[in-house]
Amino acid sequence: MPRANRSQNRRAELLPDIARAFAELGYRRTTTAALAARCATKEMVLYRLWPDKKSMFLAAIEHVYDVSVAAWERLLAAADGRSAAERLLAYEATHHGEFGLYRLVFAGLSETDDVEIRAALARMYQRYHEFIVRRLVEHRGPRQRSTTDLVAWALIGMGTVSSIGRELDLLPPRQRQRLWATVGRRLLGPRRR
């Protein structure tokens, strides 16, 4: 059996702290010295694992997706009579944005003049879209595929609005929950039986 790659393991260990630092400080204000301090390591260790700060940021964008989908997969592993789409909607009503990693995505959106950051964000959003579309097709049936793509984008947009509402204190928790429960439910539509 091959041994686990130490560098891969170390990157995976440090990524949560790196992602939180970028989420709190943004891309431009985050220095590699700040990242090293947050990771309780030396800058040279980070540079052994990633070639530069941008590579760390790109890995952090991927981490945001991985964290979200891992939580969703754990949720979906335990069936409870509702469709996967209904369970995800209920989960997001309570938990959307609770770790603040959306701030990292917002920081990335201010850097879309950088081709690599733009591509990483586009890949992340496309992967979210594909994940949601699969759950919607299971819920709504394949015949509604043309609107399912649009509904998936609308749900992603609703997540963005929810994050903005959280960040700017425009939508208190109860209103964010109502947004997911009422508007999200309408977007989801009836379950195919």
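All values below come from the heavy atoms of this structure, side chains included, with hydrogens, waters and symmetry mates left out.
- Within a 6.0 Å radius of CZ in Phe99, other residues, nucleotides and ligands contribute 12 heavy atoms or fewer.
- Scored by the side-chain hydrogen bond (donor to acceptor under 3.5 Å, both in side chains) test, Arg103 finds Glu167 as partners (sequence neighbours excluded).
- Counting only residues at least two apart or in different chains, ring-ring contact (aromatic ring centres under 6.0 Å, His included) contacts with residues 163-193 comprise His96-Trp180.
- Between Leu15 and Ala60, the shortest heavy-atom contact is CD2-N, 3.8 Å.
- Within the 4.5 Å cutoff, no side-chain heavy atoms of Val105 are placed close to those of Ile61.
- One distance of note links NE2 of His129 with CG of Leu155; it measures 9.5 Å at 0.5 Å rounding.
- Residue Val133 belongs to a hydrophobic cluster whose other members are Val137, with links defined by side-chain heavy atoms closer than 4.5 Å.
- Looking at every heavy atom in both residues, Val64 comes nearest to Leu101 through CG2-CB, 4.0 Å.
- Note that CD of Glu138 is 11.5 Å distant from CD of Glu86, once rounded to the nearest 0.5 Å.
- Using a 4.0 Å cut-off between charged nitrogen and carboxylate oxygen, Glu62 and Arg127 count as a salt-bridge pair.
- The distance from the OH atom of Tyr47 to the NZ atom of Lys53 is 8.5 Å, given to the nearest 0.5 Å.
- Applying the salt bridge (Lys or Arg N to Asp or Glu O under 4.0 Å) test to every pair with at least one member in residues 152-166, sequence neighbours left out, gives no pairs at all.
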Starting from the C-alpha separation in whole Å, work towards a yes-or-no answer on side chain to side chain contact (heavy atoms under 4.5 Å, CB included) for Arg38 and Leu14. CA-CA 9 Å; Arg38 297 280 183 107; Leu14 297 176; over 6 Å; no

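- Annotation: the span from Trp72 atom CH2 to Leu88 atom CG amounts to 6.5 Å, rounded to 0.5 Å.
- Under the 30°/60° scheme for interplanar angles, the aromatic rings of Tyr27 and Phe57 are found to be tilted.
- Two residues are said to be in side-chain contact when any heavy atoms from C-beta on lie closer than 4.5 Å; Thr160 and Tyr102 fail this criterion.
- Considering only residues two or more places apart in sequence or on other chains, Arg29 meets the salt bridge (Lys or Arg N to Asp or Glu O under 4.0 Å) condition with none of them.
- Heavy-atom minimum distance, His139 versus Ser83: ND1-OG, 2.7 Å.
- Heavy atoms only, all atoms of each residue included: Leu76 and Arg87 are closest at O-NH1, 3.2 Å.
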Thr32/Met56 under side chain to side chain contact (heavy atoms under 4.5 Å, CB included): CA gap, chis, key distance, verdict: CA-CA 9 Å; Thr32 54; Met56 294 175 215; 4.1 Å; yes

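- With Phe131 as the aromatic partner, Arg135 meets the cation-pi criteria of under 6.0 angstrom to the ring centre and within 45 degrees of the ring axis.
- The two residues Ala107 and Gly26 make their nearest non-hydrogen contact at CB-CA, 3.9 Å.
- Looking only at side-chain heavy atoms (C-beta outward), Thr148 and Ile132 stay at 4.5 Å or farther from each other.
- When side chains are defined from C-beta on, Gln175 does not count as touching Leu179, because their heavy atoms never get closer than 4.5 Å.
- Look at Arg82 and Asp80 and you find a salt bridge, because one of the NZ, NE, NH1 or NH2 atoms lies within 4.0 Å of a carboxylate O, short of that distance.
- Here the side chain of Glu24 pairs no donor or acceptor atom with the backbone of Ala21 at under 3.5 angstrom.
- In summary, the side chains of Ser7 and Arg48 do not present any donor paired with an acceptor at a separation below 3.5 Å, with no hydrogens or angles considered.
- Minimum heavy-atom separation, Leu104 to Ala19: CD1-O, 3.4 Å.
- Between Leu35 atom CG and Asp17 atom CG the span is 9.5 Å, to the nearest 0.5 Å.
- Ser68 is not listed as a side-chain neighbour of His63, based on a closest heavy-atom distance of 4.5 Å or more.
- Within the 4.5 Å cutoff, the side chain of Lys54 has heavy atoms near those of the Leu58 side chain.
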Working note: Leu25 + Thr31, criterion side chain to side chain contact (heavy atoms under 4.5 Å, CB included); need CA distance, chi angles, decisive distance, verdict. CA-CA 9 Å; Leu25 301 172; Thr31 63; over 6 Å; no

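- Hydrophobic cluster membership is shared by Leu109 and Leu168, with clusters built from Ile, Leu, Val, Met, Phe, Trp and Tyr side chains linked at under 4.5 angstrom.
- Atom CZ of Arg118 sits in a sparse spot, with 12 or fewer heavy atoms from other residues, nucleotides or ligands closer than 6.0 Å.
- Side-chain contact check for Arg178 versus Val183: every heavy-atom pair is 4.5 Å or farther apart.
- Atom CZ of Arg20 is separated from atom OG1 of Thr30 by 13.0 Å, given to the nearest 0.5 angstrom.
- Between Arg28 and Glu111 there is a salt bridge, with a side-chain nitrogen of the basic residue lying less than 4.0 Å from a carboxylate oxygen of the acidic one.
- Shown here are the side chain to side chain contact (heavy atoms under 4.5 Å, CB included) partners of Ala122, two or more places apart in sequence or in another chain: there are none.
- At least one donor-acceptor pair closer than 3.5 Å links the side chain of Arg140 to the backbone N or O of Leu188.
- The side-chain heavy atoms of Gln177 and Thr94, taken from C-beta on, include a pair separated by under 4.5 Å.
- Side chain of Arg11 to main chain of Leu49: a donor-acceptor pair is present (N/O by atom type, distance under 3.5 Å, no hydrogens or angles).
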